[in-house]
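Notes to accompany the following structure.
Chain identifiers are assigned alphabetically (A, B, ...) following the order of the sequence lines, protein sequences preceding nucleic acid strands; residue numbering begins at 1 within each chain.
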Protein chains: 2
Amino acid sequence: MTTTEGLTEGLEDLPFNVFAKACPSRGTLEHVTGRWGGLALGALYEGSLRFNELRRRVDGVSEKMLSQTLHALERDGLVHREAQPTNPPRVDYELTPLGRDVAERLLALIHFVEGSMEQVLAARERYDSAKA
Amino acid sequence: MTTTEGLTEGLEDLPFNVFAKACPSRGTLEHVTGRWGGLALGALYEGSLRFNELRRRVDGVSEKMLSQTLHALERDGLVHREAQPTNPPRVDYELTPLGRDVAERLLALIHFVEGSMEQVLAARERYDSAKA
DNA sequence: GGCTGCGCTAACTTTTGGTTAGCGCAATCT
DNA sequence: AGATTGCGCTAACCAAAAGTTAGCGCAGCC
């Protein structure tokens with residue numbers, strides 16, 4: 001893309017390829033699918049939320065991680081951050097159009113996994129009892 | 001589900017909910033969307049592969065992590081592992097039907113992200129130059 | 001007038017991920 | 001013939017990421 005890169009050997013037709021170690025898409029994918037990134041995007045899909053609202057929605061996330069995660073997503077252009085310099089500060093987060101598109105795909109995956117959990121748990125029991 | 005569980009407080013209608021800290025679906029989602037889980041599923045979508053074939057495909061993964069990742073996916077019933085006790089050992093991995101369904105959704109997300117990378121990179125430049 | 005909530009950030013600890021080395025044997029090069 | 005590489009791991013160790021705790025300054029509530 002930029003100038004000097006040899007990281008798409010054998011895949012010249014596709015500009016970006018997650019399977020290549022140095023491809024920037026891998027980093028973005030990690031932001032999106034990371035432990036908290038996915039849940040944050042999922043929660044924001046229903047509408048804009050303030051920081052602590054989001055925090056309560058995403059059960060178990062620490063302030064540090066949520067803040068970090070949101071900054072990464074904002075930098076990648078998936079989330080828009082609107083801070084009002086009032087006191088106490090009010091900061092709203094909402095998905096950008098690109099973020100919505102990503103969140104849709106993500107939610108399709110999330111909901112599918114949720115819906116498959118019985119199968120998954122059954123598979124685990126089989127696996128564990130076979131190995132025991 | 002099994003017998004004694006009180007982890008879906010306030011969401012009785014949905015059996016599993018990733019947003020709840022203790023929900024087992026969160027763990028499975030992490031296996032699926034984790035750094036290597038996603039790439040492994042993506043690579044296996046094209047067909048069954050041996051351990052080291054997979055390792056070469058997923059650029060940058062260590063043997064330890066790949067092995068670990070595959071075991072988790074196997075336990076969750078997404079990947080089938082077929083080991084032949086020959087020497088040198090031959091171990092083939094392939095997706096289960098459930099794994100295919102998951103991989104399809106995942107690939108939709110992955111390909112969308114790959115296709116959006118120019119926008120993402122542009123957003124990053126904007127963000128970085130604004131903050132500088 | 002003391003307490004909580006707001007949205008963070010800095011310092012520290014724990015957990016996780018990653019790296020290196022080795023395993024025993026078979027097929028492949030020299 | 002002898003050395004070298006590849007196979008699919010695992011154990012031991014080390015670096016990086018995530019989690020935890022504390023604190024910020026002010027506004028509104030009790």
Side-chain angles (χ1 to χ4, degrees), chain A residues 18-22 26-41 43-44 48-76 79-94 127 130-131, chain B residues 18-22 26-40 43-44 48-75 79-94 127 130-131:
Chain A
V18 239
F19 290 100
K21 186 163 51 176
R26 195 179 274 193
T28 298
L29 187 68
E30 280 168 27
H31 296 154
V32 167
T33 60
R35 183 95 139 274
W36 306 118
L39 296 177
L41 290 173
L44 285 173
S48 115
L49 290 172
R50 303 181 57 171
F51 184 82
N52 274 334
E53 287 174 338
L54 198 48
R55 184 157 132 69
R56 279 185 290 266
R57 210 112 204 309
V58 180
D59 189 19
V61 69
S62 68
E63 298 187 337
K64 174 191 161 190
M65 287 317 294
L66 184 56
S67 172
Q68 216 170 87
T69 300
L70 288 169
H71 282 320
L73 293 175
E74 189 196 358
R75 190 167 107 97
D76 285 350
V79 161
H80 175 70
R81 178 174 183 273
E82 183 112 22
Q84 270 145 334
T86 60
N87 203 311
R90 179 192 178 95
V91 185
D92 289 281
Y93 290 92
E94 66 179 334
Y127 182 93
K131 291 251 162 173
Chain B
V18 238
F19 290 101
K21 184 164 51 175
R26 197 180 273 192
T28 299
L29 188 68
E30 279 169 28
H31 296 154
V32 167
T33 60
R35 181 93 137 278
W36 306 118
L39 296 177
L44 286 174
S48 115
L49 291 172
R50 302 182 57 170
F51 185 82
N52 273 334
E53 286 174 340
L54 197 49
R55 185 158 132 68
R56 278 186 290 267
R57 214 111 201 306
V58 180
D59 190 19
V61 70
S62 68
E63 298 187 339
K64 175 191 162 189
M65 289 315 295
L66 184 56
S67 172
Q68 215 169 88
T69 300
L70 288 170
H71 282 320
L73 293 176
E74 188 197 359
R75 190 167 107 97
V79 161
H80 176 70
R81 178 174 183 273
E82 184 113 21
Q84 270 145 335
T86 59
N87 203 310
R90 179 193 178 94
V91 184
D92 289 283
Y93 291 92
E94 67 178 332
Y127 183 94
K131 291 251 160 171

Check your understanding: Which whole-number value in Å describes the distance from A/Asp59 CG to D/dG19 C1'?
Key -> 15 Å
Exercise for review: Measure from CG on A/Leu66 to P on C/dT9 and round the result to the nearest Å.
Suggested key: 11 Å
Exercise for review: Just do the side chain to side chain contact (heavy atoms under 4.5 Å, CB included) check on A/Leu70 and A/Phe51 with the steps written out, would you?
Suggested key: CA-CA 9 Å; A/Leu70 288 169; A/Phe51 184 82; 4.1 Å; yes
**Study point:** Length of the NE2-C1' vector between A/His71 and C/dA10, whole Å
**Key:** 14 Å
Practice item. Would you kindly give the CG-to-P distance between B/Leu54 and D/dG8, to the nearest whole Å? Key: 10 Å
Exercise for review: Look at A/Ser67 and C/dT9 and indicate whether a side-chain polar atom (N or O) is within less than 4.0 Å of OP1 or OP2.
Suggested key: yes
Check your understanding: Reading nucleotides 15-24 of chain C from the 5' end, what letters show protein touch, with B for base, S for backbone sugar-phosphate only, - for no heavy atom under 4.0 Å?
Key -> --BBB-----
Exercise for review: Using a cut-off of 6.0 Å, state whether more than 12 heavy atoms not belonging to A/Glu82 lie near its atom CD.
Suggested key: no
Check your understanding: Closest approach of A/Arg55 and A/Val61, non-hydrogen atoms and distance?
Key -> NH1-O, 2.8 Å
Revision key, fill the gap. Residues B/Val18 and B/Arg26: closest non-hydrogen pair is O-NE, 2.9 Å
Practice item. Kindly say if A/Arg90 contacts the phosphate of D/dC26, meaning a side-chain N or O under 4.0 Å from OP1 or OP2. Key: no
**Study point:** Whole angstrom value for the distance that separates P of C/dC6 from CZ of A/Arg50
**Key:** 7 Å
Check your understanding: Reckon B/Arg55 touches a base, only the sugar-phosphate, or nothing at all at heavy-atom distances under 4.0 Å?
Key -> nothing
Point to revise | Separation of atom CD in A/Glu74 from atom P in C/dG7, rounded to whole Å | key: 15 Å
Revision key, fill the gap. Tightest non-hydrogen contact, residues B/Arg50 and B/Pro89, listed as NH2-O, 3.5 Å
Check your understanding: How many angstroms lie between atom CG of A/Leu44 and atom CG of A/Leu39, to the nearest 0.5 angstrom?
Key -> 11.0 Å
